[in-house]
Trainee: 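To start, I am sharing the structure in question, which I have written as structure tokens.
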Amino acid sequence: MFNKILIANRGEIACRVAATARRMAVKTVAVYSDADANAKHVAACDEAVYLGGSAPKDSYLRWEKIIEAALRTGAQAIHPGYGFLSENDEFATACAAAGLVFIGPPASAIQAMGLKAESKQLMEKAGVRLVPGYHGADQDPALLQAQADAIGYPVLIKASAGGGGKGMRVVDASAGFAAALASCKREAINSFGDDAVLIEKYVQRPRHIEIQVFGDTQGNYVYLFERDCSVQRRHQKVLEEAPAPGITEAFRQQMGEAAVAAARAVNYVGAGTVEFIVEQQPDGAMQFYFMEMNTRLQVEHPVTEAITGLDLVEWQLRVASGEPLPLQQHALKIQGHAIEARICAENPDNNFLPATGTLQVYGLPVHTTFERAPHATRVDSGVRQGDTISPFYDSMVAKLIVHGANRAEALARMDAALAATHIVGLATNVQFLRHVTTSASFAQADLDTGLIPREAAALFHQEKVGLALATAALLAHTLLQEQTLAAQADARGWIDPWARRDGWKSHGPSVRAFTLEFQGERHTALLTTLHGAGEPQRQLQIGGTTEALGYAATAEGALDIRLGAQRARVQVYTKGDVAHVFTAGGATQIVAIDALAHAGDTHSDVGRLTAPMPGKVVSFAVKAGDKVTKGQPLAVLDAMKMEHTIAAPVDGTVAELLFAPGDQVTDGAELLRMEAAA
């Protein structure tokens, strides 16, 4: 076994690898960029080496500096994690040339499986079933169009060197093929340095099911069962689970043996994932087709660990050091059910636009240590409260993994864990994930890659916390703060009771008015307090209803709210005039408006089109003087490794373009000006 390894990655996967290495008494070396100088993964390792600037090309993709760091620190091997250099055959070759072990497959296997077109040709020879399509080297746009027309629409354009959902477009008709091809190639060259694509039949109601495989240097191979990764947005996974619901043991074995055949075909060593598209027939029959092989550890590997009780990173280290696989196929068993949710910094209600910002509050459910207990809740995270989610890297904040005796138990545990996840400071998909896991399709295991659009009405723009409860939570939080301040003042000496902010009166009712904003609308809340011999009696009037209000602080720092017949435990975090309210049923935000602070505020952004986050201008689809209609694409921005289209908010005329393609822009920068139509 190695004495020391270098982890050539960042974030949660670097922390994850370091946890196993520490348990195995293997020392670790972290690498970091300017943006990650104080990152969690740096603190998680025994030592760290600075690579360079914040952009990946200036740091985490500079493999010559990473190899130099490994040699300088005495590391014997390099673990690439996933992303960055994990599937770079040149890097794997360079590691071997430097006398370092690459904790992954041979460079030849990475190369064979790295290009989707070539890998499909290889799989066809190995007898693994393929989706009908074009995988040739000729990239003439006219030929590609003709091939798509021959296959029949809808088709999927996919970057040959791609991964992670980037460089993929679904085309429904021939007329839209050329524009989709251009966009796909542009994204592919930016992400992978290669704009080659392949064309495939787009399978209707497909499930995305993948098989975890492992091989060793002695020629042994096993499959560690399947994961269902069908719930996706923008071709990127949102939820993963193992085992796949509704899969028979015979079908599981067929897929597993096909995955092992794929691994054998390239003399694979280490952890890999063979991904299949599973076509669901109306009569319930299923057929699987090879899609691609990811020659690395997957983001979703924890669900496989949960149902097998194994540590896949430990297996990676043992195989890379020359040991045989710890177990053979007959010894592998499925135990219970596991689900993983990817918590990302993004706004699902705004087309999943990635978000940046500081984790002002980062509250997580109670979770086990890495040595997972059965039926557990686990969090894999590479950030801490106070850390910043920057625009330079992937938007994933954490992975929430639950394990239960069966799927129903795992679903209940997942909802409870998401309810206990409190993040303030930037937009996240936590509430969206709750909506997905409780949706009819997911709850009933009616799975396919179209689940999110099919259930859109139940997933987007859903407010699970009403105006009255949100207001009650905000006012209770405010009143308790005022009581605390008053008690502190009393402790310092007598103060004038008429100066109290809580509306104290010697007798009779007192009424306080609060101006609030909730879901884009302003409301006035009236809080009436009746003073008597006992505790004050309060009534809240909001939204046309009046209810008795009671509240108390709990020992855990939450609030016990009683609003009429309703009772709820809530957690409130205030940042400026915004209150973030978390309940067992959902979460929301409500704003306390200071009328004096906002007096005379008539500023309007009508006619201004700004960058929603830092990024690079890819292109403009218009020029000054063009007339445009509401919703028409105006510009394309490349941010957080994805392309984002900026559309016209209203009908009008473009007045001025303020940047040129290739320019870097900051969050909120005005990209162009337009004049609204009269």
Side-chain angles (χ1 to χ4, degrees), residues 105 109 112-113 116 119-120 122-133 163 200-201 203-215 220-232 237 239-266 268 270-281 283-308 310 312 315 325 327-340 407 445-449:
M113 289 298 193
K116 291 183 174 60
S119 68
K120 289 179 184 295
L122 185 62
M123 291 302 98
E124 192 170 26
K125 292 179 182 178
V128 182
R129 191 180 296 110
L130 302 178
V131 176
E200 290 182 342
K201 170 190 174 185
V203 178
Q204 302 295 308
R205 291 204 69 236
R207 288 176 68 176
H208 182 147
I209 299 179
E210 60 191 30
I211 302 289
Q212 176 72 64
V213 295
F214 246 98
N220 300 307
Y221 291 91
V222 296
Y223 62 91
L224 284 77
F225 314 112
E226 80 283 354
R227 300 184 286 254
D228 193 305
C229 308
S230 300
V231 183
Q232 302 179 6
K237 300 164 188 173
L239 291 162
E240 303 97 358
E241 58 182 307
I247 297 298
T248 66
E249 186 58 43
F251 194 77
R252 173 177 294 120
Q253 183 176 345
Q254 290 173 17
M255 293 184 70
E257 290 174 351
V260 167
R264 285 187 186 278
V266 293
Y268 199 84
T273 299
V274 181
E275 303 197 355
F276 295 99
I277 285 291
V278 176
E279 186 172 23
Q280 303 179 95
Q281 304 291 347
D283 62 359
M286 291 188 287
Q287 183 62 269
F288 64 87
Y289 303 101
F290 174 84
M291 182 169 61
E292 63 183 335
M293 183 176 188
N294 290 305
T295 54
R296 53 173 167 79
L297 199 65
Q298 293 278 89
V299 174
E300 57 272 20
H301 76 272
V303 293
T304 297
E305 294 182 322
I307 66 165
T308 60
L310 303 172
L312 299 193
W315 275 42
L325 291 175
L327 295 173
Q328 295 301 310
Q329 193 68 53
H330 65 86
L332 297 168
K333 306 295 180 186
I334 294 176
Q335 307 165 18
H337 199 92
I339 305 173
E340 175 181 289
R407 190 172 191 266
D446 182 13
L447 304 175
D448 62 76
T449 57

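Keep in mind the model is a prediction, meaning the values are calculated, not measured.
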Trainee: Can you check side chain to side chain contact (heavy atoms under 4.5 Å, CB included) on Lys201 and Glu279, steps first, answer last?
Mentor: CA-CA 11 Å; Lys201 170 190 174 185; Glu279 186 172 23; 3.7 Å; yes
Trainee: Rounded to the nearest 0.5 Å, how far apart are CD1 of Ile209 and CD of Glu241?
Mentor: 9.5 Å
Trainee: Looking only at heavy atoms, which two atoms of Leu327 and Val222 are closest? And how far apart?
Mentor: O-CG1, 3.8 Å
Trainee: Test salt bridge (Lys or Arg N to Asp or Glu O under 4.0 Å) on Glu226 and Arg207 and set out the steps.
Mentor: CA-CA 12 Å; Glu226 80 283 354; Arg207 288 176 68 176; over 6 Å; no
Trainee: Sequence neighbours excluded, which residues qualify as side chain to side chain donor-acceptor pair (under 3.5 Å) partners of Glu300?
Mentor: Lys237, Gln298, Arg342
Trainee: Closest approach of Leu332 and Phe225, non-hydrogen atoms and distance?
Mentor: O-CZ, 3.4 Å
Trainee: Output yes when a side-chain donor or acceptor of Gln212 lies under 3.5 Å from a complementary backbone atom of Leu224, and no otherwise.
Mentor: no
Trainee: Going by the rule side chain to side chain donor-acceptor pair (under 3.5 Å), which residues pair with Glu257 if we only count those two or more places apart in sequence or in a different chain?
Mentor: Gln253
Trainee: Taking all heavy atoms of Phe276 and all of Met255, pick out the closest pair and write down the distance.
Mentor: CD1-CE, 3.4 Å
Trainee: Might you point out which heavy atoms bring Glu340 and Pro302 nearest each other, and give the distance in Å?
Mentor: OE1-CD, 3.3 Å
Trainee: If you round to the nearest 0.5 Å, how far is CG of Asp228 from CD1 of Ile339?
Mentor: 10.5 Å
Trainee: Is any side-chain heavy atom of Arg205 closer than 4.5 Å to a side-chain heavy atom of Asp446?
Mentor: yes
Trainee: Can you tell me how far the CD atom of Gln281 sits from the CD atom of Gln204, to the nearest 0.5 Å?
Mentor: 11.5 Å
Trainee: Stepwise, does the side chain to side chain contact (heavy atoms under 4.5 Å, CB included) test hold for Ile211 with Val213?
Mentor: CA-CA 6 Å; Ile211 302 289; Val213 295; 4.1 Å; yes
Trainee: Run the side chain to side chain contact (heavy atoms under 4.5 Å, CB included) check on Val274 and Val128 step by step: do they pass?
Mentor: CA-CA 11 Å; Val274 181; Val128 182; over 6 Å; no
Trainee: To check you understand the geometry: which heavy-atom pair defines the closest contact between Pro243 and His337, and what is its length?
Mentor: O-CE1, 3.0 Å
Trainee: For Met293 and Gly272, which heavy atoms make the closest approach, and how far apart are they?
Mentor: CE-CA, 4.3 Å
Trainee: Less than 4.5 Å apart, side chain to side chain, heavy atoms only: is that true for Met291 and Tyr289?
Mentor: no
Trainee: Where do Ile247 and Met286 land on the side chain to side chain contact (heavy atoms under 4.5 Å, CB included) test, with the steps shown first?
Mentor: CA-CA 9 Å; Ile247 297 298; Met286 291 188 287; 3.6 Å; yes
Trainee: Assess whether ring-ring contact (aromatic ring centres under 6.0 Å, His included) is satisfied between Tyr268 and Tyr221, documenting all intermediate values.
Mentor: CA-CA 9 Å; Tyr268 199 84; Tyr221 291 91; 7.9 Å; no
Trainee: Rounded at 0.5 Å granularity, tell me how far CD1 in Ile277 sits from CD in Glu200.
Mentor: 8.0 Å
Trainee: Enter the distance from Leu447:CG to His208:NE2 here, rounded to the nearest 0.5 Å.
Mentor: 13.0 Å
Trainee: Measure the spacing between OG1 of Thr295 and CE of Met113 and express it to the nearest 0.5 Å.
Mentor: 9.0 Å
Trainee: Only one of Glu292, Arg227, Glu210, His301 clears side-chain hydrogen bond (donor to acceptor under 3.5 Å, both in side chains) with Thr273; which?
Mentor: Arg227
